[in-house]
Trainee: 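Below you'll find the structure I mean.
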Amino acid sequence: MDIEDLQTFVAVADAGGVSAAARRLGVSKSIVSRRLFRIEAELGVQLLARTTRGAALTEAGMTFRDHAARASAEIDTAREAILPTGELRGRLRVAMPLSFGPTHFAPVLAEMAQRHPQLHIHASYSDRFVDLVAEGFDCAIRVGYLQDSNLIAKRVGPIYGKLVASPDYIKTHGSPDTVGQLADHQALMQGTEAWQFMDGEKVVTVQPQGRFKADNATALASAAAAGLGIAWLPDCITHDYVVSGALVPVMTGYPPPSAGAYVVRPPGKHPARKVRVLIEMLIAYFAQNPDVWGFDR
């Protein structure tokens, strides 16, 4: 039984259809269909029931999917073990934020591609929350404060940020001096996130409120510069605004605790070597560029 057929079946099962699996694998739908036909013919059972929305696993398919996934993982591990030292090949699918990915993480991926010419890197840039398992990503780069999940996370560097507002906003609405006064101000947020601040050695958490939200940090910085409210943003986003005077730090007596940049991956015993290499390169990148996230530090 061909290992690519097994991997293709697992991709279809996890993606919920041939089209989605073809995009994930980077091949045509006809190739995916042929591989599925071969594996079902080899087993003599139907693994997938085609539907108008995609494909659903049959009872046999549900049983076989777990075995196929384990076999595929073992083959990948074996392939890595016999590769020349340091060489990577195959495909790395990584999701990263649109706000910072093209400027802060893309150079690391480019260097990785240069070092490993047999490795295919597929990067997806989006500020939406990506389901790594359902969408077939090997890992994702996430910034800020991680929410609880079953994903495995490795911190690769710190992120520093601050509260900022425009001079016009401060002139009209004043500037908060304490955490409690934030309730009287419009907050610019990505969603329903909580903000944290240091009160001496104690961490204080607040739930800010506001009418303007955006899933992109650059858009929030523009909204803050336009005088729409107060935003918590990384220094790398606000640095030029602060230097020009378009934004002013506020409530500096209660600094936010440092957040982090993380590589997160689906749960499993051991990360693939390509993910480990990416983690190592990102850690080195942060160490060599200590001001990459915190210009004012």
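Numbering starts at 1 and runs along the sequence shown. Predicted model only: the values in this text are computed from it and were never measured.
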Trainee: Assess whether a salt bridge exists between K162 and D235, defined as any Lys/Arg side-chain N lying under 4.0 Å from an Asp/Glu carboxylate O.
Mentor: yes

Trainee: What closest approach, in Å, do A187 and W195 show between heavy atoms, and which atom pair accounts for it?
Mentor: CB-CH2, 3.6 Å

Trainee: How about M112 and L88: do any of their side-chain heavy atoms sit closer than 4.5 Å?
Mentor: yes

Trainee: Hydrophobic cluster membership, with links at side-chain heavy-atom distances under 4.5 Å among I/L/V/M/F/W/Y: are L47 and I31 in one?
Mentor: yes

Trainee: Side chains of V204 and Y254: does their closest heavy-atom pair fall under 4.5 Å?
Mentor: no

Trainee: Could you tell me whether D138 and R91 have a side-chain N and a carboxylate O separated by less than 4.0 Å?
Mentor: no

Trainee: Under 6.0 Å from the CZ atom of R128, do we count more than 12 heavy atoms belonging to anything else shown?
Mentor: yes

Trainee: Would you indicate whether the side-chain heavy atoms of V143 and M96 approach each other to under 4.5 Å?
Mentor: no

Trainee: If you compare all heavy atoms of Y169 against all heavy atoms of H185, which two are closest, and at what distance to 0.1 Å?
Mentor: OH-ND1, 3.0 Å

Trainee: Roughly how far, to the nearest 0.5 Å, is CZ of R35 from CD of Q7?
Mentor: 8.5 Å

Trainee: Less than 4.5 Å apart, side chain to side chain, heavy atoms only: is that true for P208 and L182?
Mentor: no

Trainee: Using the rule that Ile, Leu, Val, Met, Phe, Trp and Tyr join whenever any side-chain heavy atoms are under 4.5 Å apart, tell me whether F64 and I3 fall into a single cluster.
Mentor: yes

Trainee: Decide, yes or no, whether a salt bridge links E111 with R115 under the criterion of side-chain N to carboxylate O below 4.0 Å.
Mentor: yes

Trainee: With I39 as reference, evaluate V45, T8, L6 under the side-chain contact (heavy atoms from CB on, under 4.5 Å) test and give the passing residue.
Mentor: L6

Trainee: Quick check for you: to the nearest 0.5 Å, what is the distance between H239 atom NE2 and L233 atom CG?
Mentor: 14.5 Å

Trainee: Would you say L36 and L43 are hydrophobically clustered, going by side-chain heavy atoms of ILVMFWY under 4.5 Å?
Mentor: yes

Trainee: If you round to the nearest 0.5 Å, how far is NZ of K29 from CZ of R23?
Mentor: 8.5 Å

Trainee: Report the C-alpha distance between M281 and L109 in whole Å, list the side-chain angles of each, state the deciding distance to 0.1 Å, and finish with yes or no for side-chain contact (heavy atoms from CB on, under 4.5 Å).
Mentor: CA-CA 9 Å; M281 291 183 66; L109 290 182; over 6 Å; no

Trainee: Measure from the side-chain N and O atoms of S244 to the backbone N and O of Y241, and report whether any donor-acceptor pair falls under 3.5 Å.
Mentor: yes

Trainee: Does any part of the side chain of L48, heavy atoms only, come nearer than 4.5 Å to the side chain of F9, both counted from C-beta?
Mentor: yes

Trainee: Is it true that I75 and V12 fall in one hydrophobic cluster, defined by side-chain heavy atoms closer than 4.5 Å?
Mentor: yes

Trainee: Can a donor-acceptor pair be found, under 3.5 Å and without considering hydrogens, that links the side chain of Q186 to the backbone of L228?
Mentor: no

Trainee: So which atom in V250 and which in A165 form the shortest heavy-atom distance, rounded to 0.1 Å?
Mentor: CG1-CB, 4.2 Å

Trainee: Distance from L92 atom CG to R273 atom CZ, nearest 0.5 Å?
Mentor: 12.5 Å

Trainee: Ignoring hydrogens and angles, tell me if any N or O in the side chain of T58 forms a donor-acceptor pair with the backbone of Q46 under 3.5 Å.
Mentor: yes

Trainee: Less than 4.5 Å apart, any side-chain heavy atom of K171 and any of P167?
Mentor: no

Trainee: Any side-chain heavy-atom pair from V275 and L278 closer than 4.5 angstrom?
Mentor: no

Trainee: Heavy atoms only: give me the nearest W232-G161 pair and the separation to one decimal.
Mentor: CZ2-CA, 4.2 Å

Trainee: Which distance, rounded to the nearest 0.5 Å, do you find between the CG of D215 and the CD of Q190?
Mentor: 7.0 Å

Trainee: Evaluate the criterion side-chain contact (heavy atoms from CB on, under 4.5 Å) for residue pair I121 and K274; output intermediate values, then yes/no.
Mentor: CA-CA 10 Å; I121 298 178; K274 57 193 175 185; over 6 Å; no

Trainee: What's in the same ILVMFWY side-chain cluster as V203, cut-off under 4.5 Å, chained through other members?
Mentor: M198

Trainee: Would you call M251 and V179 a side-chain contact if the rule is heavy atoms closer than 4.5 Å?
Mentor: yes

Trainee: Inspect the surroundings of CD in E59 and state if more than 12 heavy atoms from other residues, nucleotides or ligands are less than 6.0 Å away.
Mentor: no

Trainee: Taking atom types as modelled, find out whether Y285 and H104 have a side-chain donor-acceptor pair closer than 3.5 angstrom.
Mentor: no

Trainee: Restricting to non-hydrogen atoms, name the atom on V206 and the atom on F197 that form the minimum distance, rounded to 0.1 Å.
Mentor: CG2-CE1, 3.7 Å

Trainee: How long is the span from the CZ atom in R276 to the CD1 atom in I279, to the nearest 0.5 Å?
Mentor: 9.0 Å

Trainee: For N216, what residues pass the side-chain contact (heavy atoms from CB on, under 4.5 Å) criterion, not counting sequence neighbours?
Mentor: L98, S99, D127, T218, A219

Trainee: Give me the atom names and distance for the closest heavy-atom approach of I237 to A217.
Mentor: CG2-O, 3.9 Å

